[in-house]
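Worksheet: the structure to be examined is printed underneath.
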Amino acid sequence: MNCRSEVLEVSVEGRQVDEAMLALVHTILLHRSTGKFHYKKEGTYSIGTVGTQDIDCDFIDFSFVRVSSDELDRVIRKAVGEFKDAMGNGTDGMGQISLEFYQKKKSRWPFSDECIPWEVWSIKVNVVNLANEQERQICREKVGEKLGEKVINIVEVINRHEYLPKMPTQSEVDNVFDTSLKDVQPYLYKITFQITDTLGTSVSTTMRRLIKDTLAL
Amino acid sequence: MDSDLSPQDKKDLDKFIKFFALKTVQVIVQARLGEKICTRSSSSPTGSDWFNLAIKDIPEVTHEAKKALAGQLPGIGRSMCVEISLKTSEGDSMELETWCLEMNEKCDKDIKVSYTVYNRLSLLLKSLLAITRVTPAYKLSRKQGHDYVILYRIYFGEVQLTGLGEGFQTVRVGVVGTPVGTITLSCAYRTNLAFMSTRQFERTAPIMGIIIDHFVERPFGNMGHMHPCNYRAPAEEEGGYTGVEDSQEVCTTSFSTSPPSQCVSALSTAHLKSLKPAVMDTLKVPVMSLGFSHQMGIPGKEGGVPQQVPVQPCHAAQAEHARASSCLPNDHVPAVPSGSGEDAEASSRSTDGKSVSPRDVMETTFTRKVGAFVNKPGTQVTTASLDLPFAAFAPRAYDIEENDPMVQPPESPATSSPLQGSLHSQGSGESGVPAQDDFVMVDFKPAFSKDDLLPMDLGTFYREFQNPPQLASLTIDVSSQSMAEDLDSLPEKLAVYEKNIDEFDAFVDTLQ
């Protein structure tokens with residue numbers, strides 16, 4: 001099966017990186033999370049309820065909706081924070097955050113489980129530095145509009161209703177969903193990022209954040 | 001042709017579409033209330049959360065939606081539309097966007113109703129949540145209050161987009177194929193309010209120019225009243241509603257992982273005996289004049305009718321801030337363990353003084369302008385008694401009393417008319433302050449902090465400060481004159497410095 005790949009590009013000012021990334025990642029995860037599954041006998045299951053929350057950005061004229069889950073928010077903020085730190089402060093630069101949804105496929109011993117991505121979102125970020133407050137004010141509004149366009153793009157892709165993993169049985173649920181959170185259940189995902197310095201060469205700071213660490217034997 | 005659809009599937013599909021339509025309206029209207037929405041996730045399904053999403057049901061909105069649907073379902077040629085418009089305090093209104101839930105003939109026969117269609121409808125609602133924050137009307141609705149309010153209107157039938165002006169844009173939220181047709185959800189929004197979102201409405205001529213294309217005949221003027229997204233129009237929806245019987249129907253919460261033939265969809269009411277009231281945050285709405293009392297629809301079998309009594313409509317004319325704040329908290333019926341921080345915030349917001357009706361707005365400003373001096377002739381709120389720095393030098397207010405000692409010290413003549421006496425002393429009152437010190441005196445005014453007691457609007461302040469005198473040291477004449485002098489005096493200065501070179505060296509040493 002082919003992995004679906006989508007690319008989103010934004011240009012932001014240094015202090016907007018966090019919020020822009022949060023907005024887009026949370027918007028994607030809102031659509032890729034369900035309520036917790038509760039399996040019952042006879043092969044049926046019921047699904048919990050997903051709450052939502054409005055978040056206003058401080059440095060961008062933008063508001064977005066995310067899943068009401070503090071745990072999930074913490075995980076995402078941590079990843080975005082690491083990305084921001086790697087991008088550095090006060091310098092122009094380019095970077096890319098990848099949000100990859102995958103399925104695990106159990107392999108026989110001694111091989112470890114395979115992670116098969118089925119959807120990858122690449123968010124390319126171009127960080128600019130602005131000289132004065134007026135430019136920053138314009139940037140606030142412009143980035144807000146751009147993020148709105150990206151949200152529309154995300155929704156468009158998701159509503160094509162292309163491949164989604166089959167709903168798993170109880171024994172398989174951990175191969176499809178991240179069941180570690182208490183209140184919601186996103187599809188298995190990982191966030192990775194790459195930083196490109198201004199010269200355009202890729203610096204070797206690709207870090208992996210695995211939710212279920214399939215590479216550790 | 002839905003001959004392939006089993007009766008159970010058909011029934012389920014109709015129910016899904018109906019509740020999807022109701023939830024769509026709820027999401028749209030709640031997104032235009034002007035407040036941030038927050039609902040809690042719950043890992044245990046309660047059976048009353050349609051599409052596995054925590055979306056509250058505002059009773060009036062449900063009522064309006066059902067009224068518009070009148071027992072029908074959105075279908076081919078029968079679209080359900082939610083129109084969002086803006087109404088200024090002067091009474092001018094403008095359509096901002098129209099959300100359309102339509103169905104076309106393209107059928108997807110193979111799709112599974114109770115599973116795939118349901119999940120896709122859930123996804124579509126999530127997309128709707130995301131998109132409602134992105135259209136221009138969202139920012140406007142967050143700023144509603146003093147100058148304008150946001151209204152909604154639900155209608156059923158043909159889509160009308162003429163009120164959106166020229167160049168309106170359309171954004172498609174999503175589509176879901178079903179065996180009887182494809183459901184499409186989209187939004188058409190006005191574009192020529194882009195500049196409005198970045199500045200506040202001013203009560204000046206431009207606003208008439210902006211909405212001048214609205215004075216057109218509404219072709220379907222009788223299609224129903226507009227409803228405010230934050231307060232109820234008087235008289236229409238009075239009394240408690242019994243229209244919550246549909247919440248007795250339980251949404252599908254149970255799915256099967258087995259092959260389709262063994263699909264068990266739990267759309268029966270058998271779950272009801274184990275249901276308890278949904279534990280949700282109540283929706284906090286800034287209560288302008290009238291309040292919604294909110295709670296999730298409690299499954300009807302438990303409580304009968306009605307589960308909660310909405311706030312008795314207070315008429316807009318009576319809307320006072322204090323009253324508004326009393327409307328909201330007391331009418332929360334269930335003991336909902338909502339975040340208390342939200343409560344406090346909401347109550348304080350509701351007392352923050354957002355007036356709504358034109359009358360309110362005018363009353364408010366009137367009170368603010370004259371209250372300090374006119375209403376308290378006895379307790380002289382003199383400028384001297386204000387806790388302002390250099391209050392004695394502060395100029396008098398617009399509606400100053402004649403008794404104010406600042407204005408009329410015993411020996412000086414009568415004051416000029418209050419309207420003139422804004423920033424400059426008129427020669428009376430401020431004894432011993434020469435004319436050129438007027439400017440100095442202006443410096444002591446606390447420009448933004450105490451406008452109740454020294455009413456001075458921002459425009460006046462701005463005009464005053466717009467043209468300050470040039471700094472003497474920066475004037476070009478002076479510098480060009482002294483340039484030649486500087487050059488001439490350089491050798492002398494150098495000689496002096498050389499003479500004192502030891503001192504300079506000693507100084508430098510101390511620095512190291």
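Each chain gets a letter, A, B and so on, in the order the sequences are listed, and its residues count up from 1. What you see is a predicted model, and the numbers here were worked out from it, not measured in a lab.
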Of the backbone (N, CA, C, O) and the side chain (C-beta and beyond), which part of Val50(A) lies under 4.5 Å from a heavy atom of chain B, both, or neither? both
For Thr49(A), which of Asn52(B), Thr39(B), Asp49(B) qualifies under side chain to side chain donor-acceptor pair (under 3.5 Å)? Asp49(B)
Any chance NZ of Lys146(A) has more than 12 other-residue heavy atoms, nucleotides or ligands included, within less than 6.0 Å? no
Once rounded to the nearest 0.5 Å, what's the spacing between atom CZ of Arg120(B) and atom CG of Asn159(A)? 9.5 Å
Between Ser68(A) and Ser41(B), which heavy-atom pair has the shortest distance, and what is it? O-OG, 2.7 Å
Quick check on the interface: out of Asp56(A), Ile152(A), Thr34(A), Leu181(A), who has the most heavy-atom pairs with chain B under 4.5 Å? Asp56(A)
Rounded to the nearest 0.5 Å, what's the gap from CZ on Arg133(B) to OG1 on Thr27(A)? Could you check? 11.0 Å
What part of His31(A) is in contact with chain B, defined as an atom under 4.5 angstrom from a non-hydrogen atom: side chain, backbone, both or neither? both
Distance in Å, Ser42(B) OG paired with Lys36(A) NZ, rounded so as to fall on 0.5 Å steps: 12.0 Å
Please name the pair of heavy atoms, one in Leu30(A) and one in Lys126(B), separated by the smallest distance, quoted to 0.1 Å. O-CD, 3.1 Å
Can you tell which part of Val175(B) gets under 4.5 Å to a heavy atom of chain A, answering side chain, backbone, both or neither? both
Assert top hit (heavy-atom pairs under 4.5 Å, partner chain A, pool Val176(B), Val173(B), Leu124(B)) equals Val173(B)
Under a 4.5 Å cut-off applied to non-hydrogen side-chain atoms, are Val134(B) and Phe62(A) in contact? yes
To the nearest 0.5 angstrom, please state how far the CZ atom of Arg32(A) sits from the CG atom of Leu123(B). 6.5 Å
d(Ile47(A) CD1, Tyr118(B) OH) to nearest 0.5 Å is 7.5 Å
For the residue pair Lys139(B) and Asp61(A), what are the closest heavy atoms and their distance? CE-O, 3.4 Å
Inter-residue atom distance Ile131(B).CD1 - Ile154(A).CD1, 0.5 Å rounding: 9.5 Å
